[in-house]
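One structure is given here, and the rest of the page talks about it.
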Amino acid sequence: MEAYARPCLLCPNSFHWNLALGGAMLSPAFDRSWSSSDFRPSAKVFGENGVLEEQKSPKFKKRETEVYVGNLPLDISEEEIRCLLKDFSPLHVHRVQNGCKCFAFVDLGSMQKVALAIQALNGKLFHKRKLYVNSSNRSPKRTPDVTKRPQELLISEKASAQGFAGTTACPQLTPKASGEPCETEKPKTSFFAVPMEMRGSFLVLLLRECFRDLGWLATIPSISGEVGLLVTSTVPQTPFFWAMHITETLHRNMLALFSALAEAEEQQPYLHDSAVRRGTRGLAEYHLGGYGPAWNRCWVLDRVDSWVVVMFVDFGRSATIPVQSLRTLDSDDFWTIPPLTQPFMLEKGILSSNQVIHCILKGKITGALNLESHILKFEEFK
């Protein structure tokens with residue numbers, strides 16, 4: 001694994017890179033416990049070639065951008081339904097009442113918003129009723145056809161479903177009987193469960209509670225082509241990792257965020273013990289290896305006695321820290337900048353060493369994971 005730079009994250013003004021991307025030089029001047037079964041794989045947004053289905057079949061666009069909302073109260077109005085989906089900017093609401101059943105078809109304008117609405121609202125209680133939210137053109141469940149996509153495992157969404165992804169293993173030499181030459185085996189496909197912290201349903205919950213906005217997820221599929229990635233965290237023995245996509249926008253956001261946190265660190269009081277619970281937003285020290293500690297935004301995932309498990313949202317890493325080390329950071333002013341890091345998956349192989357953390361990798365985006373379209377596939381340049 002080749003590393004190209006080790007920028008100092010503690011000093012945003014020294015955060016400079018020179019990356020050769022396709023011959024062009026990029027030089028920036030810059031009281032609930034969760035389990036994996038709570039966060040199911042996201043709805044499918046992309047087609048086989050990474051192209052939005054609504055782009056492939058324009059005449060069906062409206063149907064594919066509609067979401068079905070079932071098990072609604074009989075006395076609900078279209079305005080109340082519109083308010084229920086206000087986070088997704090509904091364009092049109094069609095309410096239907098059939099005897100003792102009430103449901104609606106809501107046009108959200110894009111397939112990305114349909115996927116986000118399903119993740120956020122399906123199974124939620126509304127007026128003491130469990131909502132059933134799905135795409136309006138969902139076809140009947142069929143047995144997964146692994147042969148069509150050998151690098152991905154397609155699975156049905158069940159109550160205990162796990163998200164899976166496949167990656168091609170390196171060929172190995174397997175000796176036959178004595179005296180016979182070795183021959184190369186065909187590449188094998190290994191399957192890996194998508195980490196809970198990377199699943200769309202988990203990220204929707206994080207974004208709603210911390211940032212009050214789901215727009216960040218919808219921008220991820222627009223990333224394509226050759227990129228430079230600053231690795232912030234890896235998932236051991238898997239192809240999954242968190243990284244910052246190096247752009248001018250990232251540099252500006254880093255300068256603004258880290259400067260604001262540095263100024264706020266001494267002014268923000270420590271959280272009272274009774275205020276530290278699941279879902280709390282806070283400020284805590286994140287250790288950057290040889291660079292030392294730095295204050296970063298975090299979200300409390302769980303608490304056990306005097307310890308809390310937090311997710312450092314700008315580095316994609318969870319940690320267990322003492323309750324008394326958390327500072328308050330509940331002002332929305334600190335949460336206007338979206339997360340700096342995002343999930344990726346290596347197209348081939350795994351990141352086997354922590355030495356790549358805080359280093360920049362060059363490569364290209366080759367597509368998105370089938371069931372989790374916000375996880376982009378990355379192929380490193382060798």
Side-chain angles (χ1 to χ4, degrees), residues 9-12 31-39 120 124 194-214 216 231-236 240-242 244 253-254 256-343 354 357-358:
L9 299 184
L10 292 174
C11 306
D31 283 332
R32 176 180 174 189
S33 197
W34 296 304
S35 66
S36 59
S37 62
D38 291 327
F39 305 102
K124 300 296 182 182
V194 176
M196 183 183 73
E197 295 85 354
M198 288 188 175
R199 297 185 187 178
S201 47
F202 177 90
L203 293 176
V204 164
L205 183 61
L206 183 151
L207 292 172
R208 294 188 71 173
E209 294 199 3
C210 291
F211 297 89
R212 324 297 194 205
D213 183 18
L214 302 179
W216 175 72
V231 181
T232 60
S233 178
T234 62
V235 182
F240 298 102
F241 65 100
W242 294 83
M244 299 179 183
N253 286 344
M254 289 186 69
L257 177 60
F258 291 160
S259 297
L261 294 181
E263 294 176 3
E265 180 262 317
E266 294 184 356
Q267 302 173 7
Q268 297 299 113
Y270 286 97
L271 279 166
H272 190 272
D273 184 85
S274 61
V276 180
R277 54 185 179 274
R278 300 178 183 95
T280 299
R281 300 186 295 184
L283 183 67
E285 280 190 320
Y286 176 77
H287 291 273
L288 294 164
Y291 299 122
W295 291 91
N296 186 239
R297 302 179 295 186
C298 64
W299 185 49
V300 176
L301 300 180
D302 207 350
R303 174 175 178 172
V304 180
D305 298 328
S306 60
W307 296 88
V308 289
V309 179
V310 300
M311 176 79 171
F312 288 101
V313 299
D314 296 305
F315 293 93
R317 174 169 288 189
S318 58
T320 303
I321 61 175
V323 169
Q324 62 268 26
S325 66
L326 272 175
R327 292 181 182 268
T328 181
L329 198 71
D330 202 43
S331 172
D332 287 340
D333 293 339
F334 294 106
W335 300 88
T336 56
I337 295 175
L340 300 180
T341 193
Q342 66 187 73
N354 284 332
I357 296 179
H358 306 151

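All residue numbers refer to positions in the sequence shown, counting from 1.
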(message) For D333, is there any backbone N or O sitting under 3.5 Å from a side-chain donor or acceptor partner on S331?
(response) yes
(message) Can you give me the closest heavy-atom contact between R278 and L301, atom names plus distance?
(response) CG-O, 3.6 Å
(request) Go through the structure and list residues passing salt bridge (charged side-chain N to carboxylate O under 4.0 Å, His left out) with D330, not counting sequence neighbours. (result) R281
(request) For residues I337 and A256, report the shortest heavy-atom separation together with the two atoms involved. (result) CD1-CB, 3.9 Å
(request) Please identify each residue that fulfils side-chain contact (heavy atoms from CB on, under 4.5 Å) with A284, with sequence neighbours left out. (result) C298, F312, I321, L326
(request) Look up atom CG in L203 and atom CE in M198, then write down how far apart they are to the nearest 0.5 Å. (result) 9.0 Å
(request) Measure the shortest side-chain to side-chain distance between L206 and W216 over non-hydrogen atoms and say whether it is less than 4.5 angstrom. (result) no
(request) Indicate yes or no: at least one non-hydrogen side-chain atom of W335 is less than 4.5 angstrom from one of L257. (result) no
(message) For S325 versus Y270, what's the shortest heavy-atom pair and its separation?
(response) O-CE2, 3.8 Å
(message) Quick one, D314 and R297 - any side-chain contact, counting heavy atoms below 4.5 Å?
(response) yes
(message) So D332 and R212, do their side chains get closer than 4.5 Å, heavy atoms only?
(response) yes
(request) Identify, with sequence neighbours excluded, every residue that meets side-chain contact (heavy atoms from CB on, under 4.5 Å) alongside E285. (result) P293, W295
(message) A side-chain contact here means heavy atoms from C-beta on lying under 4.5 Å apart; do L205 and W299 qualify?
(response) yes
(message) On a heavy-atom basis, which atom in F315 and which in M244 lie closest, and how many Å separate them?
(response) CE2-CE, 4.1 Å
(message) Can you list everything that forms a salt bridge (charged side-chain N to carboxylate O under 4.0 Å, His left out) with R327? Sequence neighbours excluded, please.
(response) E265
(message) With a 3.5 Å distance limit and no angle check, can you tell me whether R303 reaches the backbone of V276 through a side-chain donor-acceptor pair?
(response) yes
(message) A side-chain contact here means heavy atoms from C-beta on lying under 4.5 Å apart; do L207 and P338 qualify?
(response) no
(message) Holding to side-chain contact (heavy atoms from CB on, under 4.5 Å), I want the full list of residues that pass it with P269, two or more places apart in sequence or in another chain.
(response) T328
(request) Measure the CG-CE distance between N296 and M311 for me, rounded to the nearest 0.5 Å. (result) 10.5 Å
(message) Taking side-chain hydrogen bond (donor to acceptor under 3.5 Å, both in side chains) as the definition, give me every residue that meets it alongside T341, ordered by chain and number, with sequence neighbours left out.
(response) T232
(message) A side-chain contact here means heavy atoms from C-beta on lying under 4.5 Å apart; do V204 and L214 qualify?
(response) yes
(request) Write down the atom of S233, the atom of R317, and the distance for their closest heavy-atom approach. (result) OG-NE, 3.5 Å
(message) Tell me if a side-chain donor or acceptor on T234 pairs with a main-chain N or O of F240 at a distance below 3.5 Å.
(response) no
(request) Can you see which heavy atom on E197 is nearest to which on F202, and at what distance? (result) O-CD2, 3.5 Å
(request) Any chance you could measure L261, atom CG, to Y286, atom OH, to the nearest 0.5 Å? (result) 14.5 Å
(request) Count the heavy atoms belonging to other residues, nucleotides or ligands that lie under 6.0 Å from NE2 of H287, then report whether that count exceeds 12. (result) yes
(message) So, taking the atom named CD in Q342 and the one named CZ in F241, what distance separates them when rounded to the nearest 0.5 Å?
(response) 9.5 Å
(request) Please round to the nearest 0.5 Å and tell me the distance separating atom CD of E209 and atom OG1 of T280. (result) 9.0 Å
